[in-house]
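Note sheet for the following structure.
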2 protein chains.
Amino acid sequence: MVRASTREDILSAAAGLFATGGYKGTSLQDIAAAVGCSKATLLYHFATKEMILATLVAPPVRDLATLSESLTGQPAAVAQGQAIEGFVDLVLNYRREIALIFHDLPHLFQSESFSDIKELIDQLASALAGGSAEPSAMLGVNVIMAGIALVAVDPEHEGVDLRAALVDVARRALIP
Amino acid sequence: MVRASTREDILSAAAGLFATGGYKGTSLQDIAAAVGCSKATLLYHFATKEMILATLVAPPVRDLATLSESLTGQPAAVAQGQAIEGFVDLVLNYRREIALIFHDLPHLFQSESFSDIKELIDQLASALAGGSAEPSAMLGVNVIMAGIALVAVDPEHEGVDLRAALVDVARRALIP
DNA sequence: GTCTATAGGATGATAGAC
DNA sequence: GTCTATCATCCTATAGAC
């Protein structure tokens with residue numbers, strides 16, 4: 001196992017700490033201690049603390065945009081099934097980053113740099129609702145999205161086939 | 001509407017701020033500004049910031065303990081139905097406090113004062129799983145619990161019959 | 001690229017006047 | 001009970017040596 005670059009070490013440590021402790025709950029000192037370097041080294045690789053956050057969040061947001069795009073124009077029932085599997089795969093690919101997004105939604109939304117995230121999430125939510133715009137359907141969608149995002153980082157569920165179990169609970173909850 | 005006491009004002013403001021911004025993400029200054037008093041006044045009514053948190057969390061934890069107790073000894077299927085409705089009612093009665101608990105679970109658990117919360121949640125989770133101890137069932141339970149806890153404070157769902165919609169999504173997801 | 005040292009501000013908490 | 005003023009500590013970020 002070749003050692004990753006310092007920059008990658010920083011991103012990995014920050015992802016873990018942000019996911020559990022939140023953005024504001026994690027200090028540069030916490031990250032530096034986890035990496036084994038000084039705070040100044042963090043700020044050599046990233047201009048500000050918020051840039052670390054932005055760098056972490058960018059790839060899952062890009063993939064989320066791709067997923068939303070691939071759903072447009074499909075029949076509602078087809079889009080719903082693909083949205084469920086696509087969302088679960090997205091969460092599994094970026095567990096810590098997505099836990100972070102759902103953990104710090106209020107902070108993210110009030111910052112200009114992340115204003116597009118809410119729109120993308122709403123698009124996906126609409127597909128997950130199977131075309132229905134009923135308030136109770138949207139509420140179920142939000143329950144499932146938030147629940148899956150938080151559970152995927154819970155170390156308690158290490159041994160399970162996460163993908164199958166998450167897709168299963170989402171289908172039961174969302175498909176009548 | 002008679003004005004509540006300062007102490008109640010503090011608890012109400014703190015509940016809202018903690019629920020959205022998290023415990024560490026909310027400063028005494030934030031709370032004081034929301035109440036319209038000074039930081040010193042907060043610390044006259046509560047010895048420490050953490051005591052504000054403990055005071056907020058105590059009533060829902062007490063009700064959760066009562067709920068868990070009332071489920072023991074019942075047949076699994078009965079306990080499951082009562083657990084679903086009981087949990088939804090608990091969340092609706094203490095929306096902000098429970099959002100706060102799920103938002104700051106890591107911080108709460110590492111503090112001694114709140115170590116009993118995890119045990120209570122695990123008891124309720126077991127009832128919600130309908131007696132099954134299968135990992136995939138427990139995972140579904142955790143998805144639903146976290147999802148419901150977070151959605152209940154989302155102002156987006158103001159007009160809906162929350163109780164009916166939340167019980168409905170929980171039943172579909174948890175009862176085969 | 002990484003470090004130590006430090007600036008400048010926010011934080012939780014205390015002291016003491018009113 | 002509530003305030004202003006203050007303390008010690010932590011925070012993000014910068015400066016400059018190596």
Side-chain angles (χ1 to χ4, degrees), chain A residues 1-58 100 103-104 106-114, chain B residues 2-58 97 100 103-104 106-114:
Chain A
M1 181 76 134
V2 182
R3 196 187 143 284
S5 69
T6 301
R7 193 188 145 89
E8 297 301 317
D9 288 348
I10 293 169
L11 288 174
S12 179
L17 291 168
F18 285 164
T20 57
Y23 176 73
K24 297 196 76 173
T26 303
S27 71
L28 292 180
Q29 197 142 254
D30 295 332
I31 303 172
V35 173
C37 71
S38 71
K39 288 185 285 177
T41 297
L42 302 182
L43 294 166
Y44 167 80
H45 290 279
F46 300 92
T48 65
K49 183 187 176 187
E50 187 148 357
M51 274 302 300
I52 301 179
L53 175 64
T55 305
L56 281 174
V57 164
L100 160 64
H103 191 104
D104 287 289
H107 174 262
L108 286 172
F109 288 168
Q110 80 187 31
S111 177
E112 306 291 331
S113 337
F114 308 104
Chain B
V2 182
R3 198 187 143 283
S5 69
T6 300
R7 194 189 143 90
E8 296 302 315
D9 288 349
I10 293 169
L11 288 174
S12 179
L17 291 168
F18 285 164
T20 58
Y23 176 73
K24 296 196 77 171
T26 302
S27 70
L28 292 180
Q29 196 141 257
D30 295 333
I31 303 171
V35 173
C37 71
S38 70
K39 286 188 289 178
T41 297
L42 302 183
L43 295 166
Y44 167 80
H45 290 278
F46 299 92
T48 64
K49 183 187 177 189
E50 187 147 357
M51 274 302 298
I52 302 179
L53 175 65
T55 306
L56 281 173
V57 163
E97 292 80 1
L100 160 63
H103 192 106
D104 287 291
H107 174 262
L108 286 173
F109 288 168
Q110 79 188 29
S111 176
E112 305 292 331
S113 337
F114 308 105

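Chain letters run A, B, ... following the sequence lines, proteins first, then strands; residues in each count from 1.
Note on residues 4-15 of chain A: pairs passing salt bridge (charged side-chain N to carboxylate O under 4.0 Å, His left out), not counting sequence neighbours, are Arg3(A)-Asp9(A). Within the structure, no pair that satisfies the ring-ring contact (aromatic ring centres under 6.0 Å, His included) test touches residues 37-58 of chain B, not counting sequence neighbours.
Closest of all the heavy-atom pairs between Leu43(A) and Ala47(A) is CD2-O, 3.8 Å. When all heavy atoms are compared, the tightest approach of Ala34(B) to Ala13(B) is CB-CB, 4.0 Å.
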Let me check something: any side-chain donor-acceptor pairs from residues 14-24 of chain A under 3.5 Å, sequence neighbours excluded? List them with distances.
unit_1   : atom_1 : unit_2   : atom_2 : d
Thr20(A) : OG1    : Gly16(A) : O      : 3.3
Thr20(A) : OG1    : Leu17(A) : O      : 3.4
Tyr23(A) : OH     : Glu50(A) : N      : 3.1

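A distance-only check finds a donor-acceptor pair linking the side chain of Lys49(A) to the backbone of Thr26(A) [under 3.5 Å].
Between dG1(D) and Tyr44(B), a contact under 4.0 Å exists linking OP1 or OP2 to a side-chain N or O. For Ser38(A) and dC3(C), the shortest distance from a side-chain N or O to OP1 or OP2 is below 4.0 Å.
Rounded to whole Å, atom C1' of dT2(C) lies 8 Å from atom NE2 of His45(A). Asp9(A) places its CG atom 14 Å from the C1' atom of dT2(C), with the value rounded to the nearest Å. Between the CD1 atom of Ile52(A) and the P atom of dC11(D) there is a distance of 14 Å, given to the nearest Å. Between the CG atom of Leu42(A) and the P atom of dC11(D) there is a distance of 12 Å, rounded to whole Å.
Atoms CD1 and CD1, on Ile31(B) and Ile10(B) in that order, are 8.5 Å from each other to the nearest 0.5 Å. Remark: Met51(A) CE to Leu42(A) CG distance equals 13.5 Å, nearest 0.5 Å.
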Below 3.5 Å between N/O atoms, which protein atoms pair up with nucleotides 16-18 of chain C? Just atom names and distances, please.
none

Quiz item: What string of B, S and - do you get for nucleotides 6-13 of chain C 5' to 3' if you count protein non-hydrogen atoms under 4.0 Å?
Solution: -----SBB
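Listed by residue number, the members of residues 11-18 of chain A with any heavy atom below 4.0 angstrom from DNA chain D form an empty set.
Of the candidates Val35(B), Thr55(B), Thr6(B), Leu11(B) forms a side chain to side chain contact (heavy atoms under 4.5 Å, CB included) with just one, namely Thr55(B).
Residues Leu100(A) and Leu108(A) form no side-chain contact, since every pair of their non-hydrogen atoms from C-beta on lies 4.5 Å or further apart.
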